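Residue numbers start from 1 in every chain, and the chains themselves are labelled A, B, ... in the order their sequence lines are given, proteins ahead of strands. Given the structure is predicted, the values throughout are model-derived calculations rather than measurements. Heavy atoms only: backbone and side chains are in, while hydrogens, waters and symmetry mates are out.
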Amino acid sequence: MLGPEIAAYLASHGYGTVNTNIFYDMFPADPSPALCVLGYGGEADEPDLGAGGTTTRLEFARFQVVHRGIRGDSDGPQLQAIQARATLVAVLNVTLSGVRYVGIDCLGPPFNQGENENQCPEWSVSYRAMKAPSTS
Amino acid sequence: MSVEISVEINGFDELYKAVDQLESDTKEGLGMALTAFGQKIKQTIRENYVPVRTDAIHGRAPVGYYQPHHVRTLRLLRASVRRAQGGTLRASVQSSRYRERGQYLEVVISAGMPGTGAEQYAAVVHEKLSLRHVIGQAKYIEIPVALAASEMADYLASSIRWHGKLGGERNVDIVTLLNPTDYD
């Protein structure tokens, strides 16, 4: 699935450890700093016409990465969002956790979401991934 | 603070070449069709996507703390606030008339009245996926625009043909020329 694949990719690039300070699908209120990959749908799949159109060749999944900093530090998560954006858009025709990713497009600059319930600032960036369907 | 989502339709240059020259009525026909399509998306957003009630995960009052009449008052207050928020946000979704911006024709779909603070509210509700929307959803503009993009070329082509801006004798395959795949 997209969440664990992107989370593992970010972990391999030094952003932290999955399920410790890199999360996917569910973002717990603690710890901070941390980041989370949240999928939110996307566009229609592209069928594999070579296989008679019965399987999916590519899917176009959208996801958001939320970066949370410690209380009072809004620059930290914003900077991490900028760095992670560069890391993610560098994905080009590579295999992540066994799934081929044709590319990842960034949909806009970092967005200030305000603070969570612990007054920790959160910044987010949205992306669109063009990828083969995940097998697990 | 606002969120900008753009859909870029490729192929207008080829379309203009196909009709030999850039006729002003051709451009106006495209612009009017784009305006109408924007209105159509706006209506879809208002009817199906705008959050009407937002239960933030945090900031919930400890209901057990209040006496029954306080609870009732609190519920009424919350309900009115939510209705007001939902109604205001829904009404604020607008789609502009087309305008020329350099080489592009542009239609802007927006939410939140600028200069009132509502723009910031609309943007946060749009982007914050962790909010619980009882009705509607986050990304309430981005998702319907992305879904509609694939229909856009068809809509523009049929609209232009309907208004007779491109004669059948030219035999232009408008859908093939307009390729709405490059959007974000």
Y40(A) vs Q137(B), side chain to side chain donor-acceptor pair (under 3.5 Å): CA-CA, chis, key distance, verdict | CA-CA 10 Å; Y40(A) 63 94; Q137(B) 63 175 79; over 6 Å; no
If Ile, Leu, Val, Met, Phe, Trp and Tyr residues are connected whenever their side-chain heavy atoms lie under 4.5 Å apart, and connections chain through other members, are [X] and [Y] in the same group?
| X | Y | result |
| --- | --- | --- |
| L105(B) | V108(B) | no |
| F60(A) | L96(A) | no |
| I141(B) | V125(A) | no |
| I6(A) | M1(A) | no |
| L107(A) | L10(A) | no |

Using non-hydrogen atoms and a 4.5 Å limit, figure out which bit of F27(A) sits close to chain B: side chain, backbone, both or neither.
-> neither
Under 4.5 Å to a heavy atom of chain A? For L147(B) that would be side chain
Flag side-chain contact, heavy atom, 4.5 Å: K128(B) against V66(A) |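 No - every pair of side-chain heavy atoms lies 4.5 Å or more apart.
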Answer yes or no: is there a side-chain heavy-atom contact under 4.5 Å between K139(B) and S126(A)?
-> yes
For the pair Q113(A) (side chain) and E127(B) (backbone), establish whether a donor and an acceptor sit closer than 3.5 Å, ignoring hydrogens and angles.
-> yes
What distance do L38(A) atom CG and S130(B) atom OG have between them, rounded to the nearest 0.5 Å?
->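 L38(A) CG to S130(B) OG: 8.0 Å, rounded to 0.5 Å.
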